[in-house]
Trainee: 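This structure is in structure tokens; I'll ask about it shortly.
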There are 2 protein chains.
Amino acid sequence: MDMFRKRCKQLGLACTHQRLIIYRALASSASHPTPEAIYDQVRHEIPSISLATVYKNIKTFTEAGLLREVSVLHDSLRLDANLGNHHHLVCTRCKAVIDIPEEKLDPIRLRGKLPDGFVADRFLVEILGLCAACAKGRTN
Amino acid sequence: MDMFRKRCKQLGLACTHQRLIIYRALASSASHPTPEAIYDQVRHEIPSISLATVYKNIKTFTEAGLLREVSVLHDSLRLDANLGNHHHLVCTRCKAVIDIPEEKLDPIRLRGKLPDGFVADRFLVEILGLCAACAKGRTN
DNA sequence: CTATTGAACGATAATAATTATCCTCCTGTC
DNA sequence: GACAGGAGGATAATTATTATCGTTCAATAG
């Protein structure tokens, strides 16, 4: 948590009580919580906190690099009628999704057993980066 | 499209005009469209179609296996305060997300250049399947 | 230690995305 | 062609997220 104070200072962010509690809730959770879940947990300590504050700080933290979104494409449903094996290039700026054949990657292979009795079905790989257009100009 | 008619019959789905047009729009698109985008395209052919119909059929097709969602976790923002390199086990039933260290997979490596001038930044791997609880019972 | 200032908070309205409802209509079968 | 049940259309409802705006608090200077 002292590290959090330092990072805030570096980033020019006020180290408010709310931010500390929110960050601690996030950092101490292993379940990759939703904003609502964080809100529910944080309210135990700050009953008067607003859900908007949780959302705002999640965005702030994410932009500051303290936090990541588990899925880059969570904002809207994206559909794929291509049922063959392939992977996706995903532009983190414009959210374009481009197919590439799976042979473009070395095969994905597990080393040893998965924890927790998890039963794997398939691998989903997203290659995150910038599409040609977004890589070129900051204009779009 | 004849294949689509057959699949509908197999699945016990009525092969309506709307479904045909919606499926064709999906299958002919390389851009992994959103429901809204499909709606906009389909309206060229069926101006009176309802957005709800598009959503309903997308769900129907997805459940029937004619279609996939690009991202399993699109429904709500999920957060990750673990900035170290790791991958995720994602339960497709309950949407649990479990970290695994990246050493549990053979290294992800590109073979050759990416198309379209795409500039890769990092690889995101999700191992899709069922968590222990969901694998056991159909009860949750 | 207090005053000051801008950033952050809380409450809530607004927007966006998705789902549910309900009545009418069409597809598939007899 | 008639019938039955699934499907469509219009729209309300719900859920998730963002914006607004007045008030409060954290950080810094004095």
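The structure presented is a predicted model; accordingly, all values stated were derived computationally and were not measured.
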Trainee: Rounded to whole Å, please give me the gap between CG in D75(A) and C1' in dA17(C).
Mentor: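 It works out to 11 Å between those atoms.
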Trainee: Rounded to whole angstrom units, what separation is found between the CD1 atom of I49(A) and the P atom of dA8(C)?
Mentor: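 For the pair I49(A) CD1 and dA8(C) P, the rounded distance is 14 Å.
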Trainee: Determine yes or no for a side-chain-to-main-chain donor-acceptor pair under 3.5 angstrom, with S29(B) supplying the side chain and A25(B) the backbone.
Mentor: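 Looks like no, no N/O pair under 3.5 Å.
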Trainee: What's the closest nucleotide to the side chain of A52(B) if the choices are dA20(C), dC9(C), dT18(D)?
Mentor: dA20(C)
Trainee: Nearest 0.5 Å please: distance from the CZ atom of R111(A) over to the CG atom of D106(B).
Mentor: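 The distance works out to 4.5 Å.
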Trainee: Just the rounded figure in Å: distance from P of dA7(D) to CD1 of I58(B).
Mentor: 16 Å
Trainee: In whole Å, what is the span from the CG atom of N57(A) to the P atom of dA7(C)?
Mentor: 15 Å
Trainee: Any luck finding a side-chain donor-acceptor pair between H74(B) and D75(A) under 3.5 Å?
Mentor: no
Trainee: With respect to the side chain of L51(A), which nucleotide from dT27(C), dT17(D), dA27(D) is positioned closest?
Mentor: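 Nearest to the side chain of L51(A) among the choices is dT17(D).
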Trainee: In terms of the angle between their ring planes, are F4(A) and Y23(A) parallel, tilted or perpendicular, with boundaries placed at 30° and 60°?
Mentor: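 Rings of F4(A) and Y23(A): parallel, as their planes differ by under 30°.
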Trainee: Starting at CD1 of I58(A), measure out to NZ of K56(A) and round the result to the nearest 0.5 Å.
Mentor: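 I58(A) CD1 to K56(A) NZ: 12.5 Å, rounded to 0.5 Å.
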Trainee: Answer yes or no: does a side-chain N or O of S50(A) lie under 4.0 Å from OP1 or OP2 of dA11(C)?
Mentor: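 Negative; the distance criterion is not met.
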Trainee: Between dA7(C) atom C1' and K9(A) atom NZ, what is the distance in whole Å?
Mentor: 15 Å
Trainee: Can you tell me the distance, in whole Å, between the CZ atom of R5(B) and the C1' atom of dT27(C)?
Mentor: 11 Å
Trainee: Measure the CG-OG distance between D80(B) and S71(A) for me, rounded to the nearest 0.5 Å.
Mentor: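 Between atom CG of D80(B) and atom OG of S71(A) there are 12.0 Å.
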Trainee: T34(A) near the nucleic acid: base, sugar-phosphate alone, or nothing, with a heavy-atom cut-off under 4.0 Å?
Mentor: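 Touches nothing.
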Trainee: Counting only non-hydrogen atoms, which of residues 18-32 of chain A are less than 4.0 Å from DNA chain C?
Mentor: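 Hits under 4.0 Å, by residue number: Q18(A), R19(A).
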Trainee: Verify the contact: side-chain N or O of K56(A) to OP1 or OP2 of dT18(D), cut-off strictly under 4.0 Å; return yes or no.
Mentor: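 So the side chain of K56(A) is outside the cut-off, no N or O lying under 4.0 Å from OP1 or OP2 of dT18(D).
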Trainee: Rounded to whole Å, please give me the gap between CG in D40(B) and P in dA17(C).
Mentor: 12 Å
Trainee: So T60(B), base contact, sugar-phosphate only, or nothing? Heavy-atom distance under 4.0 Å.
Mentor: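 Counting heavy atoms under 4.0 Å across all strands, no contact is made by T60(B).
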Trainee: In whole angstrom, what separates Q10(B)'s CD from dG28(C)'s C1'?
Mentor: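 Distance, rounded to whole Å: 17 Å.
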Trainee: Has Y55(A) got a side-chain N or O lying under 4.0 Å from the OP1 or OP2 atom of dT18(D)?
Mentor: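 No, Y55(A) has no side-chain N/O under 4.0 Å of OP1/OP2 on dT18(D).
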Trainee: Between T16(A) and dC9(C), is there a side-chain N or O to OP1/OP2 distance below 4.0 Å?
Mentor: yes
